[in-house]
Asks: 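One structure, as structure tokens, below. Some questions next.
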Amino acid sequence: MNYWLMKSEPDEFSIDDLKSSKHQKTAWQGIRNYQARNFLRDGVKQNDLVFFYHSSCKEPAIVGLAEISQAASIDISAFDEASAYFDAKSTLNNPKWIQVELHFMAKFEHPITLKQLKADPQLTNMVLVAKGARLSVQPVTADEFDHIMSLSR
DNA sequence: GCCAACGTTGGC
DNA sequence: GCCAACGTTGGC
């Protein structure tokens with residue numbers, strides 16, 4: 001079992017959008033960064049747990065929990081010329097990008113804000129709080145996961 | 001909206 | 001393969 005944190009701009013797709021999705025599931029498409037892609041492809045497995053993080057918004061925070069309901073598959077949005085995620089360099093014969101499927105588990109009663117995460121002495125090594133960390137898919141350690149879960153209650 | 005920190009592109 | 005220029009992310 002591995003733990004992850006995935007970012008989303010709530011204006012684009014929020015934890016509430018995930019909750020109200022069909023079967024409370026969504027295809028996590030549009031990751032166009034190689035490091036994040038490699039985590040999706042090589043690290044993320046079915047049943048892994050994911051912190052859902054709201055970025056580029058008034059109060060950046062971990063707002064809920066999701067589960068990986070389906071591991072890596074080809075991100076077909078890269079083939080769709082009409083999609084914002086279209087990438088001409090990704091072809092059917094040589095697909096570049098990966099998607100996974102997320103299943104809603106919980107919306108936290110108490111979101112854990114970035115401010116709170118940064119101030120927490122137990123989370124000083126967390127990828128999210130590192131300087132200049134822009135990764136939209138990032139690993140979370142078991143200790144970090146347990147600690148953050150305890151803060152959400 | 002600003003801008004620091006990254007990532008990517010492309011000329012050489 | 002270097003690196004300048006450009007594009008993106010994301011907190012503030």
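Here is how names work: the chains are called A, B, and so on, in the same order as the sequence lines, proteins then strands, and each is numbered from 1.
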Asks: Under 4.0 Å from any heavy atom of chain A: name the first and the last nucleotide of DNA chain C that qualifies, 5' to 3'.
Replies: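 Boundary nucleotides touching chain A, in 5' to 3' order, are C:dG7 to C:dC12.
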Asks: If the test is side chain to side chain contact (heavy atoms under 4.5 Å, CB included), which one of A:V50, A:N2, A:I98, A:V100 qualifies with A:V44?
Replies: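 Only one option passes, and that is A:V100.
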Asks: To the nearest 0.5 angstrom, please state how far the CD1 atom of A:I31 sits from the CZ atom of A:F39.
Replies: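 Going from CD1 on A:I31 over to CZ on A:F39, the span is 12.0 Å.
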Asks: Where along residues 110-126 of chain A does a heavy atom fall under 4.0 Å from DNA chain C?
Replies: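 Within this stretch, A:L114, A:K118 sit under 4.0 Å of the strand.
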Asks: Do A:K7 and A:L5 pass the side chain to side chain contact (heavy atoms under 4.5 Å, CB included) test, and can you show the C-alpha distance, the side-chain angles, and the key distance before you say yes or no?
Replies: CA-CA 7 Å; A:K7 299 179 182 177; A:L5 181 146; 4.0 Å; yes
Asks: Tell me, with the steps shown, if A:Y85 and A:D80 meet side chain to side chain contact (heavy atoms under 4.5 Å, CB included).
Replies: CA-CA 8 Å; A:Y85 303 133; A:D80 178 4; over 6 Å; no
Asks: Less than 6.0 Å separating the ring centroids of A:W4 and A:F52?
Replies: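 Ring centres of A:F52 and A:W4 not closer than 6.0 Å.
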Asks: Might you point out which heavy atoms bring A:H147 and A:D120 nearest each other, and give the distance in Å?
Replies: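 Answer, listing the atom of A:H147 first, then A:D120: NE2-OD2, 2.7 Å.
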Asks: Remember a base hit wins even if backbone is also touched, and classify A:K58 as base, sugar-phosphate or nothing at under 4.0 Å, heavy atoms.
Replies: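 No contact.
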Asks: Answer with yes or no after comparing the ring centroid distance for A:F145 and A:F51 against a 6.0 Å cut-off, counting only values under it.
Replies: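 Between A:F145 and A:F51, the centre distance is under 6.0 Å.
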Asks: Apply salt bridge (Lys or Arg N to Asp or Glu O under 4.0 Å) to A:R32 and list each qualifying residue two or more places apart in sequence or on a separate chain.
Replies: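 Here the qualifying residues are A:D75.
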